[in-house]
Protein chains: 2
Amino acid sequence: MSEQTSFSADNEWQKLENQLCFPIYAVSRLLTKAYQPYLQTLDLTYPQYLVLLALWEHENLTVKELGEKLLLDSGTLTPLLKRMEQKQWLSRRRDPRDERSVIITLLPAGRALQQQACQVPHQLLDKMGLAPAEFEALRLQLQTLLTRLS
Amino acid sequence: MSEQTSFSADNEWQKLENQLCFPIYAVSRLLTKAYQPYLQTLDLTYPQYLVLLALWEHENLTVKELGEKLLLDSGTLTPLLKRMEQKQWLSRRRDPRDERSVIITLLPAGRALQQQACQVPHQLLDKMGLAPAEFEALRLQLQTLLTRLS
DNA sequence: TCAATTTTAATTGCACACAATCAAACATTG
DNA sequence: CAATGTTTGATTGTGTGCAATTAAAATTGA
């Protein structure tokens, strides 16, 4: 009975190792870093890669729609998209029917990246070393949490 | 049979919804945002909260040790720690026995925050709405992935 | 119709995050 | 003990992230 029985300062809930937030935060950053060597050869950052994943599925998206898919706001997307525009991967133009909206359109150079990046998911899967069942279980749990938080 | 039978561009592995990276990235950002209202009342950011979690367990840590615990490098920690020093939550001083190292020491104001923040983990647990078993399962899977990636 | 409200992207300001580089100081080795 | 190499924190530069604000344009409602 050497354990504390009082509600003392050694709060188990305040220990780093007992947090759920920390491993998520750390895994997210390490995973981004794990992509870096593959994306660097394509002159892509990780958030830019996510934008392309979205545009490869939908060639035209407004900034708002892109933000809804990636859960990012325009304050993040606007400068990022301007950099991608400079590299001729996409174009930014106002919607003539709604001058408030900016339409993002995939350009040929951006489409060309799709072929060059097609091995990236497999390479990362290898690096993570998760069995298919583990992968799917984790993805579903994160999906649940994502719904809960958004 | 209108579906493509060629190995065409609609690569299933390149769809946003089939990625593991995206939900981790998104959950991490949403979780940080979920902490914000609670931490804001304490004038804390989420990474600063993580630094305090570490210091509440170990009152003295070098920047290097802190980086090892949080998996952050000095380029991130140095400016963050300087801001926390200005608020008198911690002190930064050279190790007299090794002038290269900077020792971070928790100050009384930083210790006082521990009591004020003690409800934060419970509040977040509520917000996430995970059953204890789900929580633990997710934590273990992330721990595995963390080990694999670091 | 026309004033008030809402929607939208841009802008601004602050805080990470990290690669690359640097400089100082410690450690090692001959 | 001196030359060399390594460790360490700081610095610099780029790229996110996001809250708050702004400005323009569309929508709504009397």
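Throughout, a chain's letter reflects where its sequence line sits, starting with A, and its residues are numbered from 1.
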Interatomic distance, A:Tyr25 OH vs D:dT16 C1' [rounded to whole Å]: 13 Å

Specify the closest pair of heavy atoms between B:Leu20 and A:Met128, including all atoms of both residues, with the distance to one decimal. CD2-SD, 3.9 Å

Less than 4.0 angstrom between a side-chain N/O of B:Lys82 and OP1 or OP2 of D:dT11, yes or no? yes

At what distance, to the nearest 0.5 angstrom, does CG of B:Leu81 lie from OG of B:Ser91? 10.5 Å

Any salt bridge linking A:Lys64 with A:Glu68? Criterion: basic side-chain nitrogen under 4.0 Å from a carboxylate oxygen. yes

Taking all atoms of both residues into account, what is the closest heavy-atom pair of A:Leu16 and B:Leu70, and its distance? CD2-CD2, 3.6 Å

Return the CD to CG distance between A:Gln48 and A:Leu42, rounded to the nearest 0.5 Å. 11.0 Å

Between P on D:dT16 and CG on A:Leu31, what's the gap in Å once rounded to a whole number? 17 Å

Once you apply a heavy-atom cut-off of 4.0 Å, does B:Leu77 come out as touching a base, just sugar-phosphate, or nothing? nothing

Round to the nearest Å and state the distance from B:Phe22 atom CZ to D:dT16 atom P. 15 Å

Taking every non-hydrogen atom, the tightest pair across A:Leu71 and B:Leu30: CD1-CD1, 4.0 Å

In residues 86-102 of chain A, which residues come under 4.0 Å of DNA chain C by heavy atom? A:Arg92, A:Arg94, A:Arg100, A:Ser101, A:Val102

Rounded interatomic separation in angstrom, taking CG from B:Leu81 and P from D:dA10: 8 Å

Give a yes-or-no answer on whether the side chains of B:Gln114 and B:Arg111 include a donor-acceptor pair shorter than 3.5 Å. yes

Please round to the nearest 0.5 Å and tell me the distance separating atom OH of A:Tyr46 and atom OH of A:Tyr38. 14.5 Å

With a 4.0 Å heavy-atom cut-off, tell me which residues in residues 37-69 of chain B come close to DNA chain C, sorted by residue number. B:Thr45, B:Pro47, B:Gln48

Using heavy-atom distances to pick each residue's nearest nucleotide on DNA chain C, tell me which of A:Leu30 and A:Ser74 is more 5'. A:Ser74

Its 5'-most and 3'-most nucleotides having an atom under 4.0 Å from a non-hydrogen atom of chain B, DNA chain C is contacted over C:dA15 to C:dC26

Given atom CG of A:Leu72 and atom P of D:dC18, what is their separation to the nearest angstrom? 6 Å

Once you round to the nearest 0.5 Å, how far does CG of A:Leu142 lie from OG1 of A:Thr147? 10.5 Å

Salt bridge present between A:Glu136 and A:Arg139 (N-O < 4.0 angstrom): yes

Report the relative orientation of the aromatic rings in A:Trp56 and A:Tyr49; use parallel for angles under 30°, tilted for 30 to 60°, perpendicular for over 60°. perpendicular

Residue whose closest nucleotide on DNA chain D lies nearer the 5' end, A:Leu71 versus B:Gly75: B:Gly75

